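Remember, it's a predicted structure, so these values are computed and weren't measured experimentally. Here is the naming used below: chain letters follow the sequence lines, and residue numbers restart at 1 for every chain.
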Number of protein chains: 2
Amino acid sequence: MSQHRHPGAPGRAGAVPALPDLPEATVARLPEYLRALHNLAEVGHETVSSEGLAGAAGVNSAKLRKDLSQLGSYGTRGVGYDVALLIEQIEYVLGLTQRRAVALVGVGNLGHALAGYDGFASRGFRIAALLDADRSRVGEVINGLVVRHVDELPRVAAEESIAIGVIATPAAAAQAVADQLVTVGVTSILNFAPCVLSVPEGVDVRKVDLAIELQILSFHEHRKASLTALPATGGSGLTALPGGLAATDTQEAIGT
Amino acid sequence: MSQHRHPGAPGRAGAVPALPDLPEATVARLPEYLRALHNLAEVGHETVSSEGLAGAAGVNSAKLRKDLSQLGSYGTRGVGYDVALLIEQIEYVLGLTQRRAVALVGVGNLGHALAGYDGFASRGFRIAALLDADRSRVGEVINGLVVRHVDELPRVAAEESIAIGVIATPAAAAQAVADQLVTVGVTSILNFAPCVLSVPEGVDVRKVDLAIELQILSFHEHRKASLTALPATGGSGLTALPGGLAATDTQEAIGT
DNA sequence: CGCGATTTGTGCACGTCTTCACAAGCGCCT
DNA sequence: AGGCGCTTGTGAAGACGTGCACAAATCGCG
């Protein structure tokens, strides 16, 4: 689909392939833009304005324009962005032109669900191996993949280059698993275990903790409750407002 | 445990119960501190220094002190923080003194795993209801809870006050579910579906998207690869450094 | 009772992120 | 060709978050 020229160095071909060192906040939003763009492409949109894409991605249009300008992307003034081209650009920047191999360690409750998650395959990743420390689980087949023992990690890593390790073990086991992953050369880890991982410099760790998300929401619930609990004690004037005017943050009121 | 005086307004009893309006970045870290504190308490620590707690939580000690000072917490200079007291304080601020009821919508792959997740119960939450739109799933028992049809949401909400709604449905269904949750009075939503939710003002939405996390990691992999690909083209002098000196961010090298 | 060791709480400077507002550029219509 | 409306890209200002470095406070010991 619209195979313009090969996605590579933006602009001149053969130039430095190094990435333009994006702000982290921008990087965190690019996947959201990408998802929105895929949706737009499916519906048949050829181009999209910053306003339109921003709406679909749930952000401010100015922020979106600044983000896209960061990666040197070419929109057309008066028209908007070419959807297909922008998808290519973002996928290139995110390193999704190659399908990255993921090793998933821990096939318990959560790991099982992750192993069956469609989003892996459909968003540029491939589960290369399922691993677990529990030998009674080894041999089990999940979603067409056989669970292997975690000690086989070096062999797995030798078979195919693992780009990302996903840890879905209990907290007690997580650090040991992380160490093993680092040992076999993995430099990116997604940690679902509720604990802090200690890794050498150069290794990236991202963490997803369900309980933390719930507790943050709980805080806001608590705050909202404590606000509406004040009836009208002669507040300075900014009381009432049943909906609560405080833009708490997170992602309130996306607008239409 | 350690039922000091009732956790309530910090300091004087009966004072304003309103929360001190914390910075969002601080709120996001409090759960991490809380978890670290529980670990310390189990090991038998009575007090902990900012340095010690910061290490356990994977943050800078200055940041931790500033965070704790925000909530008016009382550490003791020369000694540190009282672990039990600090746990009480943070749990109060986060609104965890009451066990909040969670409604989980969507018991597919992921929802199933979430329903069986221990972290819910052990971190201050209680799954009050499992709901799904698929009638063939209704009646199924997961972890001692019966799956009910999503249309029963109003009845469920009437039975007990739902504090938080968790959406674990496919993206296509998520917005409709969110609307239903909002209708029955839920003002906090945790969304696992890969889509942007539009909600009225006053409703908080947090999002967890596995694919986004992976794509962010993919970017860093891509960047690291493009850096090491430059051998030694007479760089300005800060090349080499096999580990890569760039503190990419996220959470690198926690130290010991 | 005083002193030193230790640790908290915070003022300040710096960097990052966000948002506004507008100039520059592009296409279309006349 | 020229002008007009629309949209991008960006400079500048402000809000926010971070980390250093140090003063203030507390404990323990002589």
Side-chain angles (χ1 to χ4, degrees), chain A residues 10-11 20-30 32-33 37 40 45-83 85-86 89 216 246-255, chain B residues 10-11 20-30 32-33 37 40 45-83 85-86 89 216 246-255:
Chain A
D21 195 11
L22 307 177
E24 188 57 23
T26 296
V27 174
R29 284 187 293 264
L30 288 181
E32 199 76 50
Y33 302 156
L37 284 165
L40 288 170
H45 282 63
E46 295 274 330
T47 65
V48 64
S49 70
S50 67
E51 198 89 25
L53 183 53
V59 300
N60 185 303
S61 70
K63 188 163 17 184
L64 179 132
R65 284 199 299 276
K66 187 147 286 190
D67 282 341
L68 293 188
S69 77
Q70 300 271 9
L71 46 98
S73 154
Y74 308 158
T76 312
R77 291 163 193 244
V79 177
Y81 297 92
D82 182 297
V83 172
L85 179 61
L86 199 48
Q89 290 255 349
I216 294 172
T248 15
D249 69 288
T250 328
Q251 169 214 338
E252 280 196 45
I254 303 300
Chain B
D21 197 11
L22 308 177
E24 187 57 22
T26 295
V27 174
R29 284 186 293 263
L30 287 181
E32 198 76 51
Y33 302 155
L37 284 165
L40 289 170
H45 281 63
E46 295 274 330
T47 64
V48 65
S49 70
S50 66
E51 197 89 26
L53 183 53
V59 301
N60 185 302
S61 71
K63 187 160 24 181
L64 179 131
R65 285 198 299 276
K66 189 152 287 191
D67 283 342
L68 294 188
S69 76
Q70 299 271 9
L71 45 99
S73 155
Y74 308 159
T76 312
R77 292 160 127 106
V79 177
Y81 298 91
D82 182 297
V83 172
L85 179 62
L86 199 49
Q89 290 255 348
I216 293 172
T248 14
D249 69 287
T250 327
Q251 167 215 341
E252 278 196 48
I254 303 299

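If you take CG of L71(A) and C1' of dT10(D), they are 15 Å apart, rounded to a whole angstrom. Rounding to whole angstrom units, CD of residue E24(A) and P of dT16(C) are separated by 12 Å. Per the geometry, CG belonging to D67(B) stands 16 Å off P belonging to dC16(D), to the nearest Å. Rounded to whole Å, atom P of dT26(D) lies 14 Å from atom OH of Y81(B). When the P atom of dG17(D) is taken as reference, atom CG of L64(B) falls 16 Å away, rounded to whole Å. Spacing between atom CG of L68(B) and atom P of dT18(D) amounts to 14 Å, rounded to whole angstrom units. When the C1' atom of dG9(C) is taken as reference, atom CD of E51(B) falls 15 Å away, rounded to whole Å. Computed from coordinates, the L22(B) CG to dG17(D) C1' distance equals 14 Å when rounded to whole Å.
When the side-chain nitrogen and oxygen atoms of S50(B) are compared with OP1 and OP2 of dT7(C), none of them lie within a distance under 4.0 Å. The side chain of K63(A) places an N or O atom within less than 4.0 Å of a non-bridging phosphate oxygen (OP1 or OP2) of dT19(C). Within the structure, every side-chain polar atom (N or O) of R65(B) is placed at least 4.0 Å from both OP1 and OP2 of dT18(D). Between dT7(D) and Y74(A), no contact under 4.0 Å exists linking OP1 or OP2 to a side-chain N or O.
You'll find the side chain of E24(A) reaches within 4.5 Å of the side chain of I216(B), heavy atoms only. Taking 4.5 Å as the limit, every side-chain heavy atom of T47(B) sits out of range of all side-chain heavy atoms of T76(B). With contacts defined as side-chain heavy-atom distances shorter than 4.5 Å, the pair Y33(A)/L86(A) does not qualify. Looking at L37(A) and L53(A), their side chains come closer than 4.5 Å, going by heavy atoms from C-beta outward.
Overall, the helix from dC1(C)-dG30(D) to dT30(C)-dA1(D) carries an axis bend of 10° between its ends, with five pairs at each end and the value rounded to 10°.
Side-chain to base pairing of K66(A) with dT18(C): no donor and acceptor N or O lie closer than 3.5 Å to each other. Judged by distance alone, with hydrogens and angles left aside, R77(B) brings a side-chain donor or acceptor within reach of the base of dT8(C), the pair sitting under 3.5 Å.
Closest heavy-atom contact between V59(B) and R29(B): CG1-CD, 4.1 Å.
Among the nucleotides dG17(D), dG19(D), dT8(C), the one closest to the side chain of A25(B) is dG17(D). The side chain of A62(B) lies closest to dA21(D) when the candidates are dA21(D), dT8(C), dT7(D). Distance from the side chain of V79(B) is smallest to dC27(D) among dC17(C), dT8(D), dC27(D).
Residue order along DNA chain C, read from the 5' end via each residue's closest nucleotide, puts N60(A) first among G78(A) and N60(A).
The 12-atom threshold is not exceeded at CD of E51(A), counting heavy atoms of other residues, nucleotides or ligands nearer than 6.0 Å.
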